[in-house]
Amino acid sequence: MIQQFELIQRLKQYIPHLDETPINKAYVFAMKVHGAQLRASGDPYFSHPLEVANILIDLRLDPASIITALLHDTVEDTSATLDEIKALFGHEIAQLVDGVTKLTRIELQSEETKQAENFRKLVLAMSSDIRVLIVKLADRLHNMRTLHYIKKREKRNRIARETMDIYAPLAERIGMHSVKDELEDLSFSILNPEGRESILSRLRYLHEVSGQHIETILLELRQLMDAHHIDISLSGREKTPFSIWRKMQIQNIAFEQLADIMAFRILVDTVPACYQVLGILHGEYSLIPGRFKDYISMPKNNGYQSLHTSLIGPMNQRIEVQIRTRDMQKIAEYGVAAHWYYKKTQHDVVHRTASHGIENPSEKTAPMEGKQYAWLRGLLDILEHAHNPQEFLEHTKLEMFADQVFCFTPKGDVIALPKGATTVDFAYTLHSEVGDRTVAARINGRQMPLRTVLHNGDQVEIVTSPSQNPSPAWERFVITGKARARIRKFVRQQQHSQFLELGKSLLRRVFEKEGLDFNDDTLKQVADLYNVPADDTILSVGQGHITAKDIFEKLKNRQSTLNTHPMPVHHAREDLSPTQPVSIQGLIPGMALHYSKCCHPIPGDTIVGIVSEGRGVHVHTFDCEHIVHFKEPERLLHLSWNHNIDETARFVTRMSITFLNQQGCLARVMSLIAGQGGNISNLRVMHRTAEFWDISIDIEVSGHDHLSSILAALRTSPIISKAERH
Ligand code: MN
């Protein structure tokens, strides 16, 4: 286990003026809170965060990342809290530790990694600071190095699979190739030990029959470049068993045909020198066709730049050679982390690149300008020019998936949604049927309003009911096209049948007022009238385009001219009052029926409707100002409440209350209303003087009786001077 002083020493090698205090503090704190906890290996638990810190020091990361590594498991696995971390180490560290903790929780939540692509995006999106992801990758790397201590085979396999599918690609995405290679090879050794062993034994055999080639080839390449007076750094290695295995799989070829079991790397100072080295190699050795790649003019997505070629090299060995500048090597090796390593020399690098650009036009199109390289380049620029931690944190937020959120189903599947999506969008993404039947949603185990906007990592459970239907209100907050289209379609269908229903009620009323029956025969006559299906005409009546009276008059005129089909007189109905109201039974509020916001009608009120063209009926109370002054009696409609209104239905009514301005009085008013089962949906303070409060309050009630009981309760209270319906 690495000691405290060694850790400091290693850090000081690249940060000479290191402030040791916070590092020491984190070391002691983590050791203390992890206490006697043990790893599966039998080592003290604290050895793990220490090793993670050590890996990050290899990558030359900044002190904040090292401290985060030391603390990364304290919140999740010990009694330590985030507040404690914040108090001891400050805001920046607390944010980083929180980020890593959240990623760890996500990891525990998802049992399956079948949706690797979405999961990778989720991890990226949650790594608000790139250092969170880097610490997480180092954490995973150490866990992989010690994975063989885990006894359960299924668990080992699951973790290895997850590493292969998610963390190795992430390491590659941010350009950390050495981390990616090691993660892959460690996973490979768990998932396919036989496959790996077969590669290793093959390599051993090759070494036996033809000895160690690498040294000899290195020497010959060195001499070749010396002869051309080119200053190079040279290294060679055998590829990892996993990369050899994968090449065999992808290219579907035998081991012997593999060109690149050995890979050599030549580093030079400038881009022109890269192409010069390439020319020398291609002149000296035969190249293997189809293997040349120019990642300098076409960088990879993660910013990687290099020339790759495969040759029949020295000693007739098939080798792969990578040629790049020393600057490109920094990116290839550390990826984003290169920034901290080379922060000191960044200025020189930029300066040098610029001057070369002037000397040689080919340089301009090369390194730092490539489009593919932009995101990393942008990130490095921001890091370079950010002067304080605040600015730094703000700018390093990964924007790659800023327009998406990723949420879990209770089973752990990841659902990708556009940013701003709500629980209803989530439900429709699962299945249209689920969306249509949604009645409630639980987010992270807690019931939340359907309109709640989802956040990364939320676990969402949709509660459905077979009797539920899409609500027109949902259309106002859903943002996905699928949800919107489904809801609209349903609302349109619903409106159609609602207007039809309303049209029938209106026609029936006119007919019955005249003492006539409204039956199938009448419907047939209505159809004949315009020579279109009766429903079309009735719909027009419901929508207010034609009045029911018009239809009636037209039918009457037609009959008197044709003198056929006399309208049947229904004598039993003659005693009916001519003002027989239209029942609003079956009409859904918000569709063909709207409760007006001026008088807030509730069951028990005498109600009147105004038919407005295309929008259905607006319901007002009989004494509403609006009705009293309404000038078009032909559009007025006497309405009646449905006699068996659902007991759970609630209607909003408004009341004004005046009460004493004394301590606790407002609370008393609220509790009086709540005591009568009234739910407050809105509250406005109209006046407040030294003596009195004047408030206007919207309350959901079941009807007249309910409202009366609330008013009575309020009026009996000595603190209330006035309480009345608005
Ligand atoms: Mn850990």
Side-chain angles (χ1 to χ4, degrees), residues 1-2 4 7 23 26-59 61 63-82 84-85 89 93-111 113 119 122-124 126-152 155-156 158-168 170-171 174 176 179-180 182-183 186-187 190 337 457:
M1 200 160 91
I2 181 173
Q4 193 170 350
L7 199 75
I23 310 264
Y27 186 101
V28 173
F29 180 82
M31 183 156 71
K32 192 185 85 193
V33 294
H34 282 298
Q37 290 174 347
L38 292 179
R39 296 272 290 174
S41 61
D43 286 337
Y45 194 94
F46 180 57
S47 64
H48 165 66
L50 256 187
E51 285 305 327
V52 176
N54 214 12
I55 290 168
L56 294 177
I57 291 175
D58 286 340
L59 296 170
L61 272 135
S65 307
I66 308 302
I67 294 168
T68 305
L70 291 171
L71 302 174
H72 83 269
D73 277 333
T74 56
V75 173
E76 187 64 14
D77 292 342
T78 78
S79 60
T81 65
L82 200 60
E84 234 174 304
I85 304 271
F89 301 97
I93 301 291
Q95 286 243 311
L96 291 170
V97 171
D98 189 36
V100 180
T101 305
K102 279 181 181 149
L103 286 186
T104 304
R105 285 180 187 154
I106 290 290
E107 189 174 271
L108 297 173
Q109 201 169 17
S110 175
E111 284 287 310
T113 59
F119 200 93
L122 171 67
V123 171
L124 270 177
M126 287 191 71
S127 307
S128 52
D129 184 311
I130 191 102
R131 290 174 296 179
V132 168
L133 181 57
I134 295 174
V135 173
K136 188 68 212 164
L137 288 171
D139 172 45
R140 178 51 66 127
L141 181 56
H142 184 248
N143 284 336
M144 285 304 296
R145 283 178 185 170
T146 53
L147 190 59
H148 53 277
Y149 290 115
I150 302 275
K151 289 202 179 63
K152 267 197 186 157
K155 189 177 176 189
R156 277 203 313 266
R158 181 179 65 77
I159 293 173
R161 184 83 261 159
E162 193 177 81
T163 302
M164 192 71 104
D165 291 345
I166 290 158
Y167 292 97
L170 280 173
I174 61 167
M176 302 176 78
V179 172
K180 174 217 152 203
E182 193 178 346
L183 286 175
L186 288 164
S187 305
I190 299 284

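Every number for a ligand or one of its atoms is a count from 1 in the order of the listing. Quantities reported herein were computed from a predicted structural model and do not represent experimental measurements.
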Side chain to side chain contact (heavy atoms under 4.5 Å, CB included) partners for Ala26, two or more places apart
Ile67, Leu70, Leu71, Phe89
Nearest 0.5 Å please: distance from the [atom1] atom of [X] over to the [atom2] atom of [Y].
| X | Y | atom1 | atom2 | result |
| --- | --- | --- | --- | --- |
| Asp73 | Phe46 | CG | CZ | 11.5 Å |
| Asp98 | His72 | CG | NE2 | 14.0 Å |
| Thr163 | Leu147 | OG1 | CG | 7.5 Å |

Can you pull out every salt bridge (charged side-chain N to carboxylate O under 4.0 Å, His left out) where at least one residue sits in residues 32-44? Sequence neighbours excluded, please.
none
Report the protein N/O/S neighbours of the Mn ion (ligand 1) that fall below 2.8 Å; do not count waters.
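Short answer, with waters excluded from the count: His48 NE2, His72 NE2, Asp73 OD2, Asp139 OD1.
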Sequence neighbours left out, what passes salt bridge (Lys or Arg N to Asp or Glu O under 4.0 Å) with Glu51? Give chain and number order.
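With neighbours one apart ignored, the set is empty.
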